[in-house]
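A short worksheet on the structure shown next.
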Amino acid sequence: MGETVRPKGLEGLSKSYDPAPIEDKWYARWIEDGIFKADAKSGKPPFSIVIPPPNVTGSLHLGHALDNTLQDILCRAKRMQGYNVLWMPGTDHAGIATQNVVERALREEGHSRESLGREAFVKRVWEWKEEYGGRIINQLKKLGASCDWNRERFTMDGGLSRAVRKVFVELYRKDLIYRGKYLINWCPRCLTALSDLEVEHKETEGRLYSVKYAFADGKGSLTVMTTRPETIMGDVAIAVHPRDERNRHLAGREVIVPICGRVIPVIEDNLADPEFGTGALKITPAHDPNDFLVGLRHGLEQIQVMDDRGRMNENGGKYAGMERFEARKAIVSDLAEQGLLAGEERHGHSVGHCYRCDTVIEPYLSEQWFVRTRPLADEDVRAVKEGQIRFVPEQWAGTYYQWMENIRDWCVSRQLWWGHRIPAWYCDDCGEVIVSLDEPETCACGGKLRQDEDVLDTWFSSALWPFSTMGWPDETDELAAFYPTSVLVTGFDIIFFWVARMIMMGCEFMEKPPFRDVYIHALVRDEKGQKMSKSKGNVIDPLVTIEKYGADALRFTLAALTVQGRDIFLSESRIETYRFFLNKLWNASRFALMNLECAACDAGNCGEGALRLHDRWIIARMSEVTEKMTELLDGYYFGESAKLMYDFVWGELCDWYLELSKPALRGDEGPMRKAASQSVIYAVFRDVLKLLHPIIPFTTEELWSAFGYGEGIIGRAEWPEPAALEDASGVLSDMDFLQALARAMRNLRAEAKLPPQKQVPVMCLRLKDVSGDKAAVVSENADLVSLLTKVEKTELLGAGEGKPPQCLSTVTGEWELFFPVGELLDVEKEIKRLGSELEKLEKETERTRAKLSNANFIDRAPAEVVEKERAALEAAESQKKRIEENIASLA
RNA sequence: GGGCGGAUAGCUCAGUGGGAGAGCACCUGCCUUACAAGCAGGGGGUCGUAGGUUCGAAACCUAUUCCGCCCACCA
């Protein structure tokens with residue numbers, strides 16, 4: 001305090017809140033000011049976040065909007081709190097997604113990726129990226145994201161690509177990456193391998209066919225059940241369980257595979273469930289993950305019957321060339337014709353689909369690269385359990401453990417052209433495999449080398465994001481200053497894809513987990529709780545929303561609806577509701593500015609003595625709110641923090657304080673009081689704007705500038721500190737009393753059906769403790785009570801002084817209020833009203849009495865609770881008595 | 001099959017041991033010169049069900065029903 005300021009005033013502030021003209025202006029200003037820039041050499045404490053890089057093909061959806069709003073709130077708050085903040089932005093090259101987008105464009109031009117050739121295709125994708133890849137970045141800016149854009153990264157940047165190769169090579173050297181021919185998930189449309197996570201399992205109605213396999217010795221047949229008869233020509237054995245009394249004796253015999261006529265053995269294996277069907281299971285190692293393992297256990301042949309496009313291959317006999325589901329139909333019909341189909345029933349089961357194109361996944365035998373995850377996983381789980389990483393809300397740690405403890409090797413090679421090419425070279429002459437950071441020229445044997453055609457899973461490079469973006473493997477200032485990052489903010493849907501793998505790579509290569517906290521937020525759904533999707537037509541486009549309501553309205557809504565552990569159900573009407581709040585803040589500010597305009601708000605003009613109860617009260621509340629707000633943001637309680645500010649600004653600052661300060665601002669209380677009110681308003685709005693700035697940066701910046709606070713832009717202002725106030729609790733309780741009194745008076749007026757503006761000459765108040773402080777509160781603030789209630793005079797009744805006749809009345813434990821209404825009094829109605837209050841009290845005292853007569857309660861409950869109950873009972877009893885008296889006096 | 005979350009006012013949700021709250025919606029009255037995107041007042045809930053712990057349970061424990069989600073090698 002003590003400074004002199006001249007608010008810029010109302011100029012340019014529209015009569016109601018209109019975000020459009022504000023947002024672009026201020027965003028440009030922030031960039032110009034360089035406020036988002038992190039400084040790796042700063043002496044301030046660091047706070048860092050790496051953005052979950054959106055797909056370069058992406059367009060901002062509500063999930064991004066939520067994720068980035070929350071990150072922005074944290075970053076902006078921390079900046080004001082004096083931290084050196086790095087919010088690292090960037091995009092992900094999104095292998096399959098991006099390749100698909102460009103291939104689609106090519107197809108429209110009558111080309112294909114094959115017709116272009118690899119090099120030209122990749123060039124084409126880069127061109128696409130240059131042209132359209134910045135779209136989502138611009139959309140993030142619209143939202144107000146305060147990333148350090150000078151540092152924008154892309155997972156296929158040179159530096160990041162070098163990090164990818166380095167990690168691959170080192171993992172290979174540590175034998176944590178290997179290559180082998182396994183049964184992997186294959187998308188016959190994308191023509192690539194997928195990791196287990198990239199397969200979406202959907203419950204599908206299929207058919208379960210019973211097929212007869214004749215014994216080779218001609219003596220009878222064996223019935224086997226299958227959902228995939230098209231793989232029958234890949235059968236290499238029939239398995240029965242070794243302890244299956246029904247079938248055990250069959251082991252060692254041979255059966256003839258229908259259609260193709262091959263003879264295969266009946267073997268014993270635990271996989272066969274004696275309870276399922278006939279207990280006999282066909283083994284097709286090249287087309288089923290379980291059968292694959294059985295095949296390995298028993299040294300069985302692997303017969304592939306399909307090609308990479310899901311068509312029957314040369315092993316498919318007469319079905320060769322046929323698409324897999326066509327082949328299924330044809331084979332079933334042929335089996336039926338040959339009398340080998342013993343049955344067919346509906347069968348619900350789970351079928352894997354490609355997470356990118358929704359094609360049914362085919363288990364496919366092929367040569368791929370894998371990361372050996374087990375050795376990495378154990379260490380990571382320990383790190384989390386030791387508390388090096390904290391999941392918020394905690395329950396997600398359980399989800400993480402569950403997956404990590406059952407983790408399987410990660411297939412990282414993809415048969416795509418867009419991505420980080422695997423740094424492995426093969427010598428066709430000697431068979432040597434060279435894995436190296438840089439391209440080797442020739443093989444040691446002198447033979448020519450050929451690089452692996454495949455690229456790495458996109459998630460392989462994003463797993464390195466927290467340190468690759470900071471210049472690793474070089475030892476940079478950024479890494480020293482900002483790694484490990486402070487918090488990762490993301491949705492639960494990518495805990496396995498991304499979070500777990502970042503932890504893996506961070507622990508392995510940086511020897512420290514990549515973040516201290518992981519804040520997992522909810523999914524944004526529509527108002528009915530359904531996932532938003534284009535096909536359902538229930539998508540809310542954040543960009544349209546921003547256009548219509550402003551980024552701040554969207555941000556405030558998302559923050560307000562973010563409660564830990566619950567999904568967000570969003571609808572347009574909710575955004576409207578919160579926009580009303582912005583309008584309220586806007587108008588309250590206009591009101592404040594009207595009254596500050598051209599006034600010197602020199603706090604020196606008003607000594608402590610010029611402050612009245614409501615001034616002290618709002619200062620005390622502001623201080624409490626400041627403390628609470630800081631605490632809530634630190635704990636990631638976004639919804640609670642938004643609500644706190646909403647309630648304070650609307651329910652306390654506007655509804656009470658501004659109303660109460662009107663007379664002083666008009667000058668009715670003299671120049672000292674006017675100056676005092678101005679300086680309080682000025683100070684309170686300063687803190688309110690600061691506290692709200694992380695959530696609604698644009699609006700607060702605009703208002704900050706209008707108020708003319710002297711600290712430059714608000715983003716550079718210092719986070720407020722709670723102020724110590726003498727006798728804050730006395731102030732709060734006095735104000736509580738005043739508010740309760742005002743509400744009671746308004747209630748009685750409403751009861752008497754008086755128009756709100758009609759002046760009432762008098763109400764009488766009888767305090768229980770006549771000589772107490774509250775009497776002084778009433779007399780000192782008589783003008784305010786009158787302002788709030790339009791009751792000209794509040795007459796204090798002395799001890800033993802009788803109330804006037806023909807009154808409406810309200811009785812509390814501490815006081816009685818009488819409203820003399822004369823002839824207007826509807827005696828019967830009033831008696832009825834008081835009677836029902838009496839009834840309510842009766843019930844309450846009943847309960848309290850019962851409690852107090854319970855010896856156990858007296859013995860075991862804490863003394864202060866017992867005391868509280870006693871006091872409550874006493875108060876209620878006297879309240880009852882007084883209501884009874886009032887009723888009696890009416891009758 | 002394993003795991004997680006939810007069930008509180010018409011709707012959306014707060015509320016982690018001391019007799020249930022908010023916003024929206026609804027009803028009544030007000031254009032009170034910051035704001036009708038507003039102001040004031042009001043009605044509305046045996047906190048999913050059943051047990052248990054406790055002096056005391058919406059909250060803690062057990063079981064159960066329903067809804068949602070995740071994981072898993074369901075022929």
Side-chain angles (χ1 to χ4, degrees), chain A residues 10 13 15-17 196-197 201 203 208-209 224-228 239 271-273 276-284 288-294 347-350 363 393 395-396 398-399 401-403 406 408 492-493 495-496 522-523 525 527 529 531 560-561 563 565-571 573-574 576-595 639-640 643 646-647 651 654-655 658-659 662 742-743 746-751 753-757 788-790 843-844 847-848 851 854-862 864-866 868-869 872:
Chain A
L10 286 163
L13 283 199
K15 211 181 156 200
S16 64
Y17 169 67
D196 295 336
L197 284 178
H201 290 274
E203 204 52 33
L208 185 60
Y209 303 94
V224 171
M225 296 185 125
T226 180
T227 52
R228 304 205 52 202
L271 179 66
D273 175 4
F276 190 93
T278 58
L281 172 67
K282 82 188 193 71
I283 302 298
T284 320
D288 181 278
N290 285 319
D291 297 3
F292 178 77
L293 296 174
V294 175
H347 182 67
H349 61 144
S350 164
Q395 81 220 30
W396 293 110
T399 304
Y401 295 139
Q402 210 209 332
W403 187 69
N406 299 302
R408 298 201 326 213
F492 61 80
D493 49 331
I495 290 180
F496 307 142
L523 226 56
R525 299 168 178 277
E527 57 201 309
K531 258 187 178 171
L561 297 180
V563 183
R566 257 213 221 218
D567 281 349
I568 294 176
F569 293 1
L570 189 73
S571 66
S573 66
R574 277 168 185 255
E576 251 167 49
T577 305
Y578 288 109
R579 189 209 22 185
F580 294 164
F581 170 69
L582 297 190
N583 191 51
K584 187 74 182 175
L585 175 69
W586 187 264
N587 278 300
S589 300
R590 284 181 58 241
F591 170 77
L593 287 163
M594 276 175 197
N595 288 288
E640 292 81 351
K643 190 174 150 33
Y646 185 103
D647 290 344
C654 293
D655 288 349
L658 294 183
E659 289 306 321
K662 278 175 179 176
R743 277 192 263 257
R746 286 165 172 172
N747 181 283
L748 288 188
R749 292 181 55 114
E751 212 57 59
K753 297 233 182 303
L754 292 180
Q757 282 315 100
L788 292 169
T789 61
K790 301 278 188 289
K843 272 187 202 154
E844 247 175 73
R847 236 176 315 169
T848 316
K851 221 170 187 180
N854 179 346
N856 276 327
F857 175 72
I858 306 288
D859 285 352
R860 305 197 192 185
E864 74 258 26
V865 172
V866 176
K868 216 175 101 192
E869 291 295 336

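A quick note: this is a predicted structure, and the numbers were derived from the prediction, not measured. Every chain is numbered from 1 and lettered A, B, ... according to where its sequence line falls, protein lines coming before strand lines.
Atom CH2 of A:Trp403 is separated from atom P of B:C4 by 19 Å (rounded to the nearest Å).
Taking the P atoms as reference points, B:G19 lies 23 Å from B:G6, given to the whole Å. B:C26 and B:C71 have their C1' atoms separated by 45 Å, given to the nearest Å. Comparing the same atom, C1', in B:C27 and in B:G51 gives a spacing of 41 Å after rounding to whole Å. Taking atom P in both B:G5 and B:G43, one finds a spacing of 38 Å when rounded to whole Å. Nucleotides B:C70 and B:G15 place their P atoms 24 Å apart, quoted to the nearest Å. Comparing the P positions of B:C4 and B:C61 gives an interatomic distance of 12 Å, to the nearest angstrom. Look at the C1' atom in both B:G29 and B:C13: the space between them is 30 Å, to the nearest Å.
The base of B:A34 lies close enough to the side chain of A:Glu659 for a donor and an acceptor atom to sit less than 3.5 Å apart. Between the side chain of A:Gln757 and the base of B:C31, no donor-acceptor pair under 3.5 Å is found.
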Which dot-bracket notation, 5' to 3', represents the base pairing of RNA chain B when pairs are defined as Watson-Crick or G-U with both distances under 3.5 Å, crossing pairs as [ ], and inter-strand pairs as |?
-> ((((((((.[[[[.)..(..]]]].(((((.......))))).....[[[[[..)....]]]]])))))))....
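Using a 4.0 Å cut-off, no side-chain N or O of A:His347 falls inside it from OP1 or OP2 of B:C74. At the phosphate of B:G56, neither OP1 nor OP2 sits under 4.0 Å from any side-chain N or O atom of A:Asn854. Between A:Lys584 and B:G23 there is no side-chain N or O to OP1 or OP2 distance below 4.0 Å. Residue A:Lys662 places at least one side-chain N or O under 4.0 Å from the OP1 or OP2 atom of B:A34. The side chain of A:Arg746 contributes an N or O atom lying less than 4.0 Å from OP1 or OP2 of B:G41.
In plain terms, the two heavy atoms of A:Met225 and A:Gly277 that are nearest each other are SD-CA, 3.7 Å. Minimum heavy-atom separation, A:Ala588 to A:Cys654: CB-SG, 3.6 Å.
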Distances for protein N/O vs nucleotides 15-21 of chain B N/O pairs under 3.5 angstrom?
{"unit_1": "B:G18", "atom_1": "O2'", "unit_2": "A:Lys868", "atom_2": "NZ", "d": "3.4"}
{"unit_1": "B:G19", "atom_1": "O2'", "unit_2": "A:Arg847", "atom_2": "NH1", "d": "3.0"}
{"unit_1": "B:G19", "atom_1": "N9", "unit_2": "A:Arg847", "atom_2": "NH1", "d": "3.4"}
{"unit_1": "B:G19", "atom_1": "N7", "unit_2": "A:Arg847", "atom_2": "NE", "d": "3.3"}
{"unit_1": "B:G19", "atom_1": "N7", "unit_2": "A:Arg847", "atom_2": "NH1", "d": "3.1"}
{"unit_1": "B:G19", "atom_1": "N1", "unit_2": "A:Lys851", "atom_2": "NZ", "d": "3.4"}

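Within the 4.5 Å cutoff, the side chain of A:Gln395 has no heavy atoms near those of the A:Phe492 side chain.
For the pair A:Lys584 and A:Tyr646, the NZ or CZ position fails the cation-pi test of under 6.0 Å to the six-membered ring centre and within 45 degrees of the ring normal.
Using the six-membered ring where Trp is involved, A:Trp403 and A:Phe496 have ring planes that are parallel, under 30° apart on the 30 and 60° scheme.
A:Arg743 comes within contact range of the sugar-phosphate backbone alone, with a heavy-atom separation under 4.0 Å but no base atom that close. Within the 4.0 angstrom heavy-atom criterion, no nucleotide atom of any strand lies near A:Tyr578.
For A:Phe276 and B:A75, the ring-to-base geometry satisfies the stacking test (centroid distance below 5.5 Å, interplanar angle below 30°).
Along RNA chain B, the nucleotide nearest A:Asp655 and the nucleotide nearest A:Leu271 are compared for position; the residue whose nucleotide lies closer to the 5' end is A:Asp655.
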